[in-house]
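One structure below.
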Number of protein chains: 2
Amino acid sequence: MAEKDTKERILDAAEELFAEFGFAHTSMRKITSTAGVNLAAVNYHFGSKEELIKAVFTRRLMPINAERLRRLAEVEAGEPTLEALLEAFIAPHLEMKEAGGNDRFVCLIGRSYTDHAPLLNEHVRALNKDVVARFKAAFSAQLPHLPRRELSIRLHFLVGTVAYTMAGPEMIHLLRGVRISEGDNAKALVERLVPFLAAGLRAPLPEQLPEFVVSRAS
Amino acid sequence: MAEKDTKERILDAAEELFAEFGFAHTSMRKITSTAGVNLAAVNYHFGSKEELIKAVFTRRLMPINAERLRRLAEVEAGEPTLEALLEAFIAPHLEMKEAGGNDRFVCLIGRSYTDHAPLLNEHVRALNKDVVARFKAAFSAQLPHLPRRELSIRLHFLVGTVAYTMAGPEMIHLLRGVRISEGDNAKALVERLVPFLAAGLRAPLPEQLPEFVVSRAS
DNA sequence: GTCTATAGAATGATAGAC
DNA sequence: GTCTATCATTCTATAGAC
């Protein structure tokens, strides 16, 4: 068939509009009119706007995470380095072309972390859970001196760097209208992120490090 | 007067609700009922919801940026180090207590960077413009080997790390209901961020670094 | 599966009395 | 400056014909 089916056209339109305007400011009407389908089609195929949002992420994150695990296995088959692990962890998001993805979705991935949308945050967290656990163990093996708790905090910093880079307006300007195939901006970004993050992860811990306090206020 | 005036009560309520639920999911009705003022008061005092959002940020960012510049001058009066500059740049956000701030606002600052809200992004960018320029020059002096363009990219990574850390749900859990005065979580965070970021900024550049391509697609 | 029509609720903003 | 009442819009979601 020359035409994609309705479900996929909705996903494509929603992905593009969410990336450009955010979830709250993208209405079902805008999605369906952009997709060239009927307003009622979203609820018929997905049930609700919330479920549509989740479906947009599920479609892209499944192959991306498969690719991340594939690369992790590849790295671990040889002599793993911190840099190689970082690249395996980060690059599949930015090189989504190979996974059948869409440039715009890169912004959306970042936003799924940074936007305040508890249900979506949880959905994405669940989709990534296994991958994160596997990589955390691999990072830990490369940084044996680092207490597990401090590693968690530094990985949190890492996710922030990557998420913001992918979600931010500068990223949009870099990727919008640029053919990744001719100018490999994803690679340019990865090769700047990896040394920055590797150095941060390797940084020596301060001798005196105050603990976080989680007691409730009176 | 024992009661704060209406304008300030609205700002307080809006700040808290925006931090918890985001801008789009916080209605004027929720703000005014939380503040204990009339629905029409927001439009009377601020003109629109958009202007209220800007006002929430202006109130906190002005003293924070003054404090950042004060600390920068203090650091530059002696022998500046990268670590000292980073602390001057970051800490005022997290230690807002001294500037008369509110714990919740820390999340909001992060969100002002990560949320998709072009008008707000621009407003905050304008408020921070001078401070960013001053610090950028100071960082550059500490990293003379780093090309200006690469420094810009790394500072972008830095902002991402800090913004995400401040905006993310983990941060909320760390700061909510915790008295900063008794358990200094802001300090605990700063002392983890600074070594991580300093190492990242100092990381050697790869020998071959692909350039970004900004040509338009056909 | 696709469409029209609409229900039902919430929103930002304002007019006008006090 | 504060209030009530309300306008005009927009939204998600659904019922029911085809």
Side-chain angles (χ1 to χ4, degrees), chain A residues 1-59 108 111 115-123, chain B residues 1-59 108 111 115-123:
Chain A
M1 50 182 164
E3 288 274 338
K4 291 180 181 178
D5 68 351
T6 298
K7 215 167 163 175
E8 203 154 345
R9 297 182 60 172
I10 292 173
L11 286 172
D12 289 341
E15 178 173 280
E16 176 140 346
L17 292 168
F18 288 154
E20 177 120 23
F21 303 108
F23 306 113
H25 295 97
T26 300
S27 67
M28 307 273 263
R29 283 169 173 77
K30 185 69 188 167
I31 293 169
T32 51
S33 69
T34 300
V37 303
N38 189 273
L39 171 60
V42 171
N43 282 288
Y44 176 79
H45 285 284
F46 298 94
S48 69
K49 184 180 181 182
E50 181 70 37
E51 290 302 315
L52 169 61
I53 295 175
K54 290 185 188 174
V56 166
F57 281 87
T58 304
R59 175 173 68 152
L108 262 194
R111 195 161 303 155
D115 260 31
H116 181 83
L119 292 175
L120 174 60
N121 298 154
E122 186 141 356
H123 180 69
Chain B
M1 51 182 161
E3 288 274 338
K4 291 180 181 177
D5 67 350
T6 299
K7 215 165 163 178
E8 203 155 344
R9 298 182 60 171
I10 292 173
L11 286 172
D12 289 343
E15 178 174 281
E16 176 139 347
L17 292 168
F18 287 153
E20 176 120 24
F21 303 108
F23 305 113
H25 294 98
T26 300
S27 67
M28 307 273 265
R29 282 165 176 79
K30 186 68 188 165
I31 292 169
T32 51
S33 69
T34 300
V37 305
N38 189 273
L39 171 60
V42 171
N43 282 289
Y44 176 80
H45 284 285
F46 298 94
S48 69
K49 185 180 179 181
E50 180 71 36
E51 291 302 316
L52 169 62
I53 295 175
K54 290 186 187 173
V56 166
F57 280 87
T58 304
R59 176 173 68 151
L108 262 194
R111 193 160 304 153
D115 260 31
H116 181 84
L119 293 175
L120 174 60
N121 298 154
E122 186 141 355
H123 180 68

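Convention: sequence-line order gives letters A, B, ...; per-chain numbering from 1.
Note: NZ (B/K7) to P (D/dT2) measures 11 Å, nearest angstrom. The distance between atom CD of B/E8 and atom C1' of D/dG1, rounded to the nearest whole Å, is 17 Å. Counting to the nearest Å, the P atom of C/dG1 and the CD1 atom of A/I10 are 11 Å from each other. Across the protein-nucleic acid pair, A/E50 atom CD and D/dA13 atom C1' stand 14 Å apart, rounded to whole Å. Between the P atom of C/dT6 and the CE atom of A/M28 lies a distance of 20 Å, rounded to the nearest Å. Rounded to whole angstrom, the span from the NE2 atom of B/H25 across to the C1' atom of C/dG12 amounts to 16 Å. Here C/dT11 presents its C1' atom at 12 Å from CD1 of B/I31, a figure rounded to the nearest Å.
The pair B/R59-B/D12 counts as a salt bridge, with a side-chain nitrogen and a carboxylate oxygen less than 4.0 angstrom apart.
Note that CG of B/L52 and CZ of B/F18 are 5.0 Å apart. Values are rounded to the nearest 0.5 Å. The line from CG of B/L108 to CD of B/E16 is 10.0 Å long, rounded to the nearest 0.5 Å. Residue A/K4 holds its NZ atom at 10.0 Å from CG of A/L11, rounded to the nearest 0.5 Å. Between atom CG of residue B/L120 and atom CZ of residue B/R111 there is a gap of 11.0 Å, rounded to the nearest 0.5 Å. Here B/I31 contributes atom CD1 and B/F46 contributes atom CZ; the two are 9.5 Å apart, rounded to the nearest 0.5 Å. Rounded to the nearest 0.5 Å, atoms CD (A/E51) and OG1 (A/T58) are 9.0 Å apart.
For A/K49, there are no salt bridge (Lys or Arg N to Asp or Glu O under 4.0 Å) partners two or more places apart in sequence or in a different chain.
Proximity of A/S27 to the phosphate of D/dC11: a side-chain N or O atom is located under 4.0 Å from OP1 or OP2. Close to D/dG1, at under 4.0 Å from its OP1 or OP2, lies no side-chain N or O of B/T6.
The stretch residues 37-47 of chain A touches DNA chain D through A/L39, A/A40, A/N43, each having a heavy atom under 4.0 angstrom from the strand. Taking a 4.0 Å limit (strictly below) on heavy-atom distances, residues 51-59 of chain A does not reach DNA chain D anywhere.
Between B/A41 and B/T6, the shortest heavy-atom distance links the atoms CB-CG2, 4.1 Å.
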